[in-house]
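Structure first, then comments.
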Amino acid sequence: MSAKNTNFHFRVRMLCEGAMMVALAQVLSYIKLMELPNGGSLTPAMFPIILFAVRWGLTPGLMAGFTFGLLNLLLDPYVIHPVQMLVDYPMAYGAVALCCLAKLLPIPDRWKLPIAVVLGYLGKFIMAVISGVVFFANNAAEEGALVYSLVYNFSYIWPELLISLAISLVPGMDRLVQLMRKNSVR
């Protein structure tokens with residue numbers, strides 16, 4: 001196979017895998033274990049996006065997260081302001097691509113996927129807190145907008161992080177990304 005064909009093969013494979021992971025994330029987003037009144041819900045939806053980002057890297061991970069955010073916005077929106085819409089959907093899910101930083105850490109491969117999960121949720125959490133401080137401050141009582149946003153977003157992102165972390169710790173899951181890479185070229 002020539003270099004040009006190999007590059008084309010990888011791009012097509014990446015796009016197909018990205019589309020499948022975004023679709024899987026969307027299906028999983030309908031499994032709502034908890035839904036909060038001002039947006040936010042506890043679902044296992046982010047794990048496929050994290051898995052894709054860890055496998056393909058930062059730019060494809062950003063695109064998959066951004067795409068999932070747009071799809072989520074179209075199918076299940078909670079919008080009070082156009083900028084809030086961007087921060088809570090495409091930017092928050094795009095920030096999940098921070099999980100790619102786990103590949104750079106000098107730690108055993110066994111721990112890279114769980115660390116990636118934590119970093120991905122940290123990216124989403126930061127964007128959710130920013131949105132909460134700026135756009136949902138009127139919901140805060142005497143505790144102030146920052147504390148309100150931290151507590152509100154922590155209440156659903158932390159349990160969701162624990163679910164994804166548990167999935168990432170399933171024996172053999174750490175080898176899944178390596179196996180996917182190994183089987184990329186035939």
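On a predicted model such as this, the values are computed, not experimentally measured, just so you know. The residues of the chain are indexed from 1 along the displayed sequence.
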Which residues pass the side chain to side chain contact (heavy atoms under 4.5 Å, CB included) test with M34, not counting sequence neighbours?
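For M34, the residues satisfying side chain to side chain contact (heavy atoms under 4.5 Å, CB included) (neighbours in sequence not counted) are L36, L42, Y156.
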Considering residues at least two apart in sequence or located in another chain, which fulfil the side chain to side chain contact (heavy atoms under 4.5 Å, CB included) criterion with W158?
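In terms of side chain to side chain contact (heavy atoms under 4.5 Å, CB included), with neighbours along the sequence ignored, W158 is linked to F154, L161, L162.
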Donor-acceptor pairs are to be reported for all side-chain atoms of residues 57-76 against protein atoms at under 3.5 Å, with residues two or more places apart or in another chain.
from : atom 1 : to  : atom 2 : distance (Å)
T67  : OG1    : M63 : O      : 2.7
N72  : ND2    : Y93 : OH     : 3.3
D76  : OD2    : K32 : NZ     : 2.4

When hydrophobic residues are tied together by side-chain contacts of less than 4.5 Å, even through go-betweens, does [X] share a cluster with [Y]?
X: V27; Y: I49; answer: no
X: V96; Y: M20; answer: no
X: V83; Y: M85; answer: yes
X: L101; Y: I107; answer: yes

side-chain contact (heavy atoms from CB on, under 4.5 Å) between S168 and F47, intermediate numbers included:
CA-CA 8 Å; S168 75; F47 191 75; 3.9 Å; yes
Any idea which heavy atoms bring [X] and [Y] closest together, and the distance?
X: L169; Y: P114; result: CD2-CG, 3.5 Å
X: A128; Y: S149; result: O-OG, 3.7 Å
X: A137; Y: A145; result: CB-CB, 3.6 Å

Checking the side chain of T43 only, and the main-chain atoms of S29 only, is there a donor and an acceptor separated by less than 3.5 Å?
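No; judged by distance alone, with no hydrogens or angles, the pair does not exist.
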Are P82 and L86 close enough that some pair of their side-chain heavy atoms sits under 4.5 Å apart?
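Not in contact.
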Are C16 and V12 close enough that some pair of their side-chain heavy atoms sits under 4.5 Å apart?
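Result yes, sub-4.5 Å side-chain heavy-atom pair found.
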Checking I130 against V133 for the side-chain contact (heavy atoms from CB on, under 4.5 Å) test, could you report, in this order, the C-alpha distance in whole Å, the side-chain angles of both residues, the deciding distance, and whether it holds?
CA-CA 5 Å; I130 291 169; V133 167; 6.0 Å; no
Under 3.5 Å, sequence neighbours excluded: what are the donor-acceptor pairs made by side chains of residues 115-125?
from : atom 1 : to   : atom 2 : distance (Å)
Y121 : OH     : E160 : OE2    : 3.2
Y121 : OH     : S164 : OG     : 2.8

Starting from V151, walk the hydrophobic network (Ile, Leu, Val, Met, Phe, Trp, Tyr; side-chain heavy atoms closer than 4.5 Å) and list everyone else you reach, by chain and number.
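V151 shares its hydrophobic cluster with V147.
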Qualifying side chain to side chain donor-acceptor pair (under 3.5 Å) pairs, either residue in residues 79-89, two or more places apart:
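Of all non-adjacent pairs touching residues 79-89, those that pass side chain to side chain donor-acceptor pair (under 3.5 Å) are Q84-D88, D88-S131.
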